[in-house]
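A quick write-up on the structure given underneath.
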Amino acid sequence: MAGLEGQVALVTGGSRGIGRAVVLALGGLGAKVIINYRENRIEAEVTLERLRASGGDGEVYPFDVAVESQVEAAVKKIVDRHNKIDILINNAGVTSDSLLVRLKHEDLDRVLGVNLIGTAYCTKAACKGMIRQRYGRIINLTSVVGQTGNAGQSIYAASKSGIIGFTKSMARELAARGITVNAVAPGYIQTEMTAGLASRLQEEFLRAIPLARFGTCEEVAEAVSFLAGPGAAYVTGQVISVNGGLYM
Ligand code: NAP
């Protein structure tokens, strides 16, 4: 895989989990990586330390992807400092796992607000500069449950299905400007997000995975790195599944 030297990448939710692995992978390929987080500064600083320890370079930027004014201010600051954003990874995500009848209005707003609307806000803010430079890579984290649905995850799954429709639409909107837009759909990956799933659900997933194990954050970061790199220049509007065969 060729390098990303000279490129600037913004990874939302880069402080932990899959986002941290993506930060390290893109940094390892030579990109300068902007690590966004919402509240967990300590974990974001740990990610930055690991990035620097592995020879990479970057900065941490706190902002809430669900608040458009914060997204716009942050993107402006990044572009003022680094001149551009070449790669946007819309990774920040939250869950609220419960039967629909038990979900509160605030849960619906938060999950859709962060996962789907946050992805739209970050894309809208970052793509303006990409359009001007006629180059960009946008990669959105969806989920296997956005492809299959899952009882107890209706709003989370809806937000992730929405990301697939958003990805395909933006791929069409931005193709003529040299910008590719793709999605990565992880299956069951071991992170803090999935550690919170009921053990009954964890066992059910494991039984259904042909490769008979959960995935790692690094395995998801490999797919993201491919889509961010020059080898994926002719790939747009696609959903790449990293799920051990859970959904084919
Ligand atoms: P995670 O470990 O829970 O980390 C979530 C990240 O998102 C953190 O960096 C968090 O920042 C950030 N974040 C949350 N709300 C935010 C907001 N409003 N603004 C900015 N940042 C925010 O999650 P993960 O498991 O790595 O998942 C990453 C992505 O992959 C998500 O989109 C998730 O839906 C998707 N995914 C995960 C799995 C899986 O098995 N883990 C499967 C399919 C899809 P703080 O540290 O500041 O809280």
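Along the sequence shown, residues are numbered consecutively beginning with 1. Just so you know, ligand 1 is whichever comes first in the structure, and atom 1 is the first atom listed for that ligand.
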[X] near ligand 1 by a heavy-atom separation under 4.0 Å:
{"X": "T12", "value": "no"}
{"X": "V67", "value": "no"}
{"X": "R20", "value": "no"}
{"X": "E39", "value": "yes"}
{"X": "C217", "value": "no"}

Counting from 1, what ligand 1 atoms have a heavy atom of [X] closer than 4.0 Å?
{"X": "V94", "value": "14 (C), 15 (N)"}
{"X": "N91", "value": "28 (C), 29 (C), 30 (O), 31 (C), 32 (O)"}
{"X": "Y188", "value": "40 (O)"}
{"X": "N36", "value": "20 (C), 21 (N)"}
{"X": "V114", "value": "15 (N), 18 (N)"}
{"X": "F63", "value": "19 (N), 20 (C)"}
{"X": "G17", "value": "2 (O), 26 (O)"}
{"X": "I189", "value": "39 (C), 40 (O), 41 (N)"}

For atom 35 (C) of ligand 1, which of Y156, Y61, F214 has the closest heavy atom? Y156
Between [X] (side chain only) and [Y] (backbone N and O only), is there a donor and an acceptor less than 3.5 Å apart?
{"X": "Q133", "Y": "Y135", "result": "yes"}
{"X": "S143", "Y": "V145", "result": "yes"}
{"X": "N91", "Y": "T12", "result": "yes"}
{"X": "R110", "Y": "T95", "result": "yes"}
{"X": "Q70", "Y": "D64", "result": "yes"}
{"X": "N36", "Y": "V11", "result": "no"}
{"X": "R137", "Y": "G229", "result": "yes"}

The side chain to side chain contact (heavy atoms under 4.5 Å, CB included) partners of R16 (sequence neighbours excluded) come to N40, E43, E192
For [atom], which protein heavy atom lies nearest, and how many Å away is it?
{"atom": "atom 48 (O) of ligand 1", "result": "R16 NH2, 2.9 Å"}
{"atom": "atom 9 (O) of ligand 1", "result": "S15 OG, 2.6 Å"}
{"atom": "atom 30 (O) of ligand 1", "result": "I18 CD1, 3.6 Å"}
{"atom": "atom 24 (P) of ligand 1", "result": "T191 OG1, 3.8 Å"}
{"atom": "atom 17 (C) of ligand 1", "result": "R38 CD, 3.3 Å"}
{"atom": "atom 18 (N) of ligand 1", "result": "D64 OD1, 2.8 Å"}
{"atom": "atom 42 (C) of ligand 1", "result": "G187 O, 3.0 Å"}
{"atom": "atom 22 (C) of ligand 1", "result": "A92 CB, 3.6 Å"}

Working for salt bridge (charged side-chain N to carboxylate O under 4.0 Å, His left out), residues K77 and E59: CA-CA 12 Å; K77 208 166 142 191; E59 288 171 6; over 6 Å; no
Tell me whether R41 is salt-bridged to E45, with the criterion being a basic N under 4.0 Å from an acidic carboxylate O. yes
K76/E72 ion pair, N-O < 4.0 Å: no
Euclidean distance, F166 CZ relative to T123 OG1, rounded to 0.5 Å: 4.0 Å
If you apply the rule side-chain hydrogen bond (donor to acceptor under 3.5 Å, both in side chains), what do you find for N140 with T119, and how did you get there? CA-CA 7 Å; N140 302 322; T119 293; 5.2 Å; no
Should the proximity of Q190 to ligand 1, defined as any heavy atom under 4.0 Å, be assigned to the side chain, the backbone, both, or neither? neither
Does P186 reach ligand 1 with a nitrogen or oxygen that is under 3.5 Å from one of the ligand's nitrogen or oxygen atoms? no
Are there more than 12 heavy atoms of other residues, nucleotides or ligands under 6.0 Å from atom NZ of K128? yes
